[in-house]
Number of protein chains: 4
Amino acid sequence: MEGFKMEQKKKSKQELRSEETKRSIAEAAGKLFTERGYDTVTMREIAKEANCSHTTIYLYFKDKEALLEQLAIPPLQTLEAAFVSVMNQESLDPTGKLKEISRDFLRFCLSHRSMVTVIFNVKSVRVDEVNPTGEVNQLRTSLFSYLTESVNRIIPADTSEERINQTRIYFFVMNGMVSTYLNSEEPLEPLLERIIPLLDQSIEIVLLGMKHKLEQAQEPVNGQAKGQKDKEKSKKDKKQKDKQK
Amino acid sequence: MEGFKMEQKKKSKQELRSEETKRSIAEAAGKLFTERGYDTVTMREIAKEANCSHTTIYLYFKDKEALLEQLAIPPLQTLEAAFVSVMNQESLDPTGKLKEISRDFLRFCLSHRSMVTVIFNVKSVRVDEVNPTGEVNQLRTSLFSYLTESVNRIIPADTSEERINQTRIYFFVMNGMVSTYLNSEEPLEPLLERIIPLLDQSIEIVLLGMKHKLEQAQEPVNGQAKGQKDKEKSKKDKKQKDKQK
Amino acid sequence: MEGFKMEQKKKSKQELRSEETKRSIAEAAGKLFTERGYDTVTMREIAKEANCSHTTIYLYFKDKEALLEQLAIPPLQTLEAAFVSVMNQESLDPTGKLKEISRDFLRFCLSHRSMVTVIFNVKSVRVDEVNPTGEVNQLRTSLFSYLTESVNRIIPADTSEERINQTRIYFFVMNGMVSTYLNSEEPLEPLLERIIPLLDQSIEIVLLGMKHKLEQAQEPVNGQAKGQKDKEKSKKDKKQKDKQK
Amino acid sequence: MEGFKMEQKKKSKQELRSEETKRSIAEAAGKLFTERGYDTVTMREIAKEANCSHTTIYLYFKDKEALLEQLAIPPLQTLEAAFVSVMNQESLDPTGKLKEISRDFLRFCLSHRSMVTVIFNVKSVRVDEVNPTGEVNQLRTSLFSYLTESVNRIIPADTSEERINQTRIYFFVMNGMVSTYLNSEEPLEPLLERIIPLLDQSIEIVLLGMKHKLEQAQEPVNGQAKGQKDKEKSKKDKKQKDKQK
DNA sequence: GATGAATGAGCCTTCATTCAT
DNA sequence: AATGAATGAAGGCTCATTCAT
C-alpha cells in the first residue's frame with residue numbers, strides 16, 4: 001500500500017488475480033484439449049470454460065499453439081521429476097526402475113492425451129521455425145534419455161547397434177500402447193488399472209525375449225536359418241511395392 | 001454379334017483425360033493428406049496440387065470425406081489380397097507367415113501414412129453416421145482378424161485371456177513401429193530397408209519372450225518375486241495421480 | 001435424299017430430333033419449375049429430367065432465364081386464344097364473359113405456378129434491360145387488356161377514374177386468389193374444383209357491390225358520412241407510421 | 001441500497017456502438033430483403049450495406065434465417081398492438097374497425113415488403129423444422145384471427161360456410177392489393193396516400209356486394225338465372241384443361 | 001488487467017456457364 | 001447435334017486474432 005514493495009515476495013492483489021486467471025485458462029485449455037483434441041477446441045470455448053473473455057487468453061499466451069506448449073511444460077517437468085525420483089530409489093533393481101518409469105510415462109501420456117500428439121509428434125520439431133519449442137524439446141529429450149538409459153542398463157548387449165535396436169523395440173511397445181489407448185473413451189483410472197498389468201507383462205516379455213535372443217545369437221546354428229528366411233521375403237517386398245499405388 | 005467389338009478397349013480422348021484428372025486428384029489428395037493430415041488440407045490445395053479447379057474435384061468425388069474413402073479402399077483391398085496370398089503360401093510356417101504379413105502391414109501403413117490415422121483411428125468408427133465408411137470398416141476388420149489369427153496360431157497359451165494379452169502385445173509393437181515412423185521424412189524405400197529387419201527382430205524377440213514367459217509361469221518360484229515388486233509400485237501410482245492434473 | 005428440298009415442308013431427321021430435344025427440355029423445365037420454383041431447380045436437374053446433357057440446354061436456350069421465358073410464351077398464347085374465343089362467344093352476356101375468362105385466367109396461373117411469379121411480377125419489366133421479355137410482355141399486356149375491357153363493359157361508371165378504380169378492385173380479387181393458392185400443395189384439379197365457385201361468387205359480389213356503390217353515390221346523403229370517417233382515420237395513419245420503423 | 005443507481009440509464013460507448021452496429025445491420029438487411037428478396041441477398045451484401053464485415057453479422061444474428069426472423073418480430077408486434085388498439089376503440093363501428101385494421105395491415109405489408117413474402121407465404125410454415133419461426137408464426141396467426149373476426153362481425157351470413165367464403169373474399173382483396181403493390185417502386189408514403197382510398201372503396205364494395213348477395217339469395221327468382229350460366233361454363237372448363245399441359 | 005467489438009482469411013460446397021471434342 | 005470436362009464466381013459460415021476502450 002504505502003509504496004513499499006517486497007520485491008517478488010508479496011504479490012499484489014493484481015498479480016494474484018492475474019496468476020489466477022492464467023491458471024484457470026491453462027486448466028480450461030488442458031481439460032478441453034484433453035477431452036476433444038487441439039484442433040477441435042476453439043479459443044472461445046476455452047475462454048468460456050475459464051470464465052473469461054477470449055481476448056484475455058492473448059494476454060497470457062501468444063497464440064493457440066503457445067497455449068498448448070505452455071500447457072505441456074509443467075506436466076513434463078513433473079514427469080521428469082518422477083523419473084529422477086525413481087532412478088534414485090535404491091531399493092529398485094534396474095528392471096524395477098524401468099517398469100516404474102514406464103508406468104509413469106504411460107500414465108502421463110494418457111493423462112495428457114491431446115498434448116501427446118503435439119509433444120511427441122515430429123510436427124513440433126519442424127525445422128522451419130527456430131527452436132519453436134525450446135523448453136519442451138529439452139524436456140522431451142531428457143525424458144527419452146532416461147528411458148533409453150534405463151533400458152540399456154538391463155540389456156547385456158555386445159555391440160552398440162544391438163543395444164540401440166533393442167531400445168527401439170522397447171520404445172515400439174511403449175509407443176504402441178500409448179497410440180492404442182490414446183483415443184480410448186474409457187475414463188483414465190479404470191483404463192490404467194486395466195492396462196498397467198499389460199504394460200508390466202509386455203516389458204517382461206520383451207526383456208525376456210531380448211535375453212534369449214542374445215543367447216541364441218551366441219549359438220550361430222539357429223541364427224543362420226533366420227537369415228535365409230529374411231532374404232526370401234525381401235524379394236516379395238519389391239513386387240508388393242509396385243502393386244500398391 | 002457381327003464382328004463383336006471390344007468397345008471397352010480403346011478409350012476416347014475425353015475418357016483418358018477424365019481418368020487422368022481423377023487420378024491426379026487422387027494422387028494429390030493422397031500426397032497432401034499423407035504429408036499434412038486430412039483436416040489440415042483444403043480442397044483448394046488439393047486442386048492446386050492436381051492442377052485443376054477445386055470444383056473439378058467435386059466432379060469425381062462427392063465430398064472431402066468420400067475422397068478420403070475412395071483413396072483408402074483400393075490400397076486396403078490390395079493389402080487384404082496380399083494377406084490372403086501369404087496365408088495360403090504353404091512353404092511358410094506360422095511364424096514366417098506372421099512376419100510376412102506384418103511386413104506387408106508395415107509397408108502399407110508407411111506407404112499411406114496419413115490415411116492410417118483416419119483408417120485405424122477410433123474416430124473413424126463413430127457410430128453416429130449411418131455406415132459412414134462401410135467398406136473401409138469391413139476391410140479394416142478383416143485385416144486385423146488376419147493378424148490376430150496369425151499370432152494366435154503361434155502362441156501355445158493355455159488360457160484365452162493369456163492369448164488375448166499376448167496378441168495385444170504384438171499389436172503394441174506393430175502399432176509402435178507404425179506410429180514411430182509415420183511422420184518420418186525419410187523416403188519410403190530406404191526407410192523400409194532400414195526398419196524391416198527391426199520389425200523381424202522385434203517379432204522374434206516378442207515371440208521368444210512370450211514362449212519363455214509361459215515356461216516361467218509353470219515354475220511358480222520366480223513368479224513370486226515379481227509379484228512383490230508390483231505391489232510396491234502400485235502404492236506410488238496413487239500419489240502420482242494426484243499431483244498431475 | 002436426292003438433293004430436292006421441300007423448303008420448310010419436310011423436316012430432315014436431324015431437325016425432327018432437334019425439335020424433340022428442345023420440346024423435352026421445355027417440358028422438363030416446365031414441370032420442375034412448376035413443382036419446385038425457378039430458383040430451386042438447377043440446369044442439371046432439368047437436363048436429367050429431359051434425358052439430355054445439361055450443355056444441350058444451352059443449344060436451344062440462351063440461359064436459364066431465357067428458358068423460363070420461352071416456356072411461358074406458348075401457354076400465354078393458348079390463354080390469349082381462349083380469351084379471344086370467349087369474347088366472341090355470342091351466347092354469353094358481358095358478365096358471363098368476364099366470369100369465363102377469369103376462370104381461364106385462374107386456371108392458367110395455377111397450372112403454371114412458378115412461371116406466374118416471373119410473368120406477372122414487376123421484376124420482369126425492369127427498365128434496365130432493353131425490352132427484356134418482348135413477346136412475353138406483349139402477351140401479358142394483351143391479356144390484361146382483355147380482362148380490363150371485360151370488366152369495363154359491365155360497369156356503368158360515370159367517370160373514367162371511377163371505372164379505373166373499379167377495374168382495380170376486380171384485379172385485387174383475381175390477384176388475391178392467385179397469390180393465395182399459388183403455393184398450395186393441393187393437386188390442381190381438386191383445387192380448381194374447390195375454388196372456381198369461390199371465384200364466381202367473388203365476381204358476383206364485387207359486381208353487385210360496385211353496382212350498389214354507384215347507386216349510393218347518386219344519393220349524396222350517405223356519401224357524406226363516409227367522408228368524415230376517412231378523415232378521422234388518416235390522422236391516425238400518420239402516427240402509426242412513425243412507430244413502425 | 002445506498003443512492004440506488006439507475007445502471008441501465010447510461011450506456012457505455014461500446015454498448016452504443018454495438019447497438020448502432022446491430023441496428024445498421026438490421027436496417028441494411030431489411031432494405032435489401034425488401035428490395036430484392038431473402039434468397040437473392042447475400043450476407044456479404046448486407047454487410048457492405050451496413051458498413052461492416054460479414055462476420056460481424058454473425059455476432060448479432062445466429063444465421064441468415066434468424067436475421068430475417070428478428071427483423072420481422074418487432075414490426076409484427078407493433079402491428080398486433082395496433083390491431084388491439086383499434087378493436088378497443090369504442091367510437092368505431094365494426095365496419096370502421098375493419099377498415100382501420102385493414103389499413104394498418106396494408107401499411108405494414110408495404111412497409112416491410114420483402115418480409116411479407118417470408119412471413120405470409122406458406123413456405124415459412126413448413127413443418128419439417130422444429131418450431132422454426134415459433135414467435136413469428138404465433139403473431140401471424142393472431143393477426144389473421146383479428147382480421148377474420150372483424151369481418152365476421154359485420155356479415156349477417158346464415159350458414160358458417162357462407163361466412164367463411166365471405167371472409168375469404170375479403171382476404172382475396174387484401175392479398176391482391178398487397179401483391180399488386182408489393183413490388184412497386186413508388187415511395188411508400190405517396191403510394192399509401194394513393195391506394196388507401198382504394199382500399200376503403202374496395203372494402204365498401206365488397207361489404208355492399210355481400211349484403212346484397214345475401215338478400216338476393218333470399219329471393220330465389222334471380223338466383224336461378226345465374227345458376228344456368230354457371231353450368232354452361234363448366235363444360236368449357238373441361239376442354240380447356242386438356243389443351244394446357 | 002480485462003473485455004466486447006470487429007475483422008480477414010479461409011473452408012466446403014453449389015451452380016450456371018463455357019470449352020473442346 | 002450433342003456431350004463430358006472443366007471452371008469462376010459466389011454463398012453461408014467459423015475461427016483465430018487484433019483494436020479500442
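Labels below follow one simple rule: chain letters A, B, ... track the order of the sequence lines, proteins then strands, and each chain is numbered from 1.
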query: Hey, does A:Thr42 reach any base, or is it just sugar-phosphate, or nothing, if we go heavy atoms under 4.0 Å?
result: sugar-phosphate

task: Using a 4.5 Å cut-off on heavy atoms from C-beta on, say whether the side chain of D:Ile46 contacts that of D:Leu67.
output: yes

query: Between E:dT13, F:dA6, F:dA16, which nucleotide has the shortest distance from any of its atoms to the side chain of A:Met43?
result: F:dA16

query: Within the structure shown, what part of the strands sits under 4.0 Å from A:Thr55 by heavy-atom distance: base, sugar-phosphate, or nothing?
result: base

- prompt: Any side-chain heavy atom of A:Phe33 sitting closer than 4.5 Å to one from A:His112?
  reply: no

task: Round to a whole Å and report the spacing from CG of B:Leu59 to C1' of E:dT14.
output: 12 Å

message: Can you measure D:Tyr58 atom OH to E:dG10 atom C1' for me and round it to whole angstrom units?
response: 14 Å

Atom-to-atom span, CD of D:Gln14 to P of E:dA2 - whole angstrom: 16 Å

query: Whole Å only: how far is the CZ atom of D:Arg17 from the C1' atom of E:dT7?
result: 11 Å

statement: Here the distance between atom P of F:dA6 and atom CD of B:Glu20, to the nearest Å, is 10 Å

- request: Send over the distance from A:Asp63 CG to E:dA9 P, rounded to a whole Å.
  value: 18 Å

- request: Name the closest nucleotide to the B:Thr56 side chain, picking from F:dT3, E:dA2, F:dA6.
  value: F:dA6

task: Starting at atom CD of A:Glu19, determine the distance to atom P of E:dG1, rounded to an integer number of angstrom.
output: 12 Å

- prompt: With nearest nucleotides of DNA chain F determined for D:Asp39 and C:Thr21 from heavy-atom distances, which residue corresponds to the more 5′ nucleotide?
  reply: C:Thr21

message: Do C:Glu69 and C:Phe61 make a side-chain contact, defined as non-hydrogen atoms from C-beta onward lying under 4.5 Å apart?
response: no

task: Could you tell me whether D:Ser18 contacts a base, only the sugar-phosphate backbone, or nothing, with contacts defined as non-hydrogen atoms closer than 4.0 Å?
output: sugar-phosphate

base_contact_polar (F:dG12 base, D:Arg44 side chain, donor-acceptor, <3.5 Å): yes

Pairwise 5' ranking along DNA chain E for C:Lys62 and D:Ile57, keeping only the more 5' one: D:Ile57

task: Kindly indicate whether the side chain of D:Cys52, heavy atoms from C-beta on, has any atom under 4.5 Å from the side chain of D:Ile25.
output: yes

- line: Answer for the Watson-Crick or wobble partner of E:dC19, both distances under 3.5 Å, is F:dG4

query: Just checking D:Tyr60: base, sugar-phosphate only, or nothing, at a heavy-atom cut-off of under 4.0 Å?
result: sugar-phosphate

field: Length of the line joining B:His54:NE2 and F:dG11:C1', which is rounded to integer Å
entry: 11 Å

task: Find the partner of F:dC13: check Watson-Crick (N1-N3 plus N6-O4 or O6-N4) and G-U wobble (N1-O2, O6-N3) distances, both under 3.5 Å, and reply none if neither fits.
output: E:dG10

Test item: D:Gln14 and D:Arg17 side chains (from C-beta on) under 4.5 Å apart, heavy atoms: no

query: Which one, F:dT7, E:dT17, F:dA6, comes nearest to the side chain of C:Lys64?
result: E:dT17

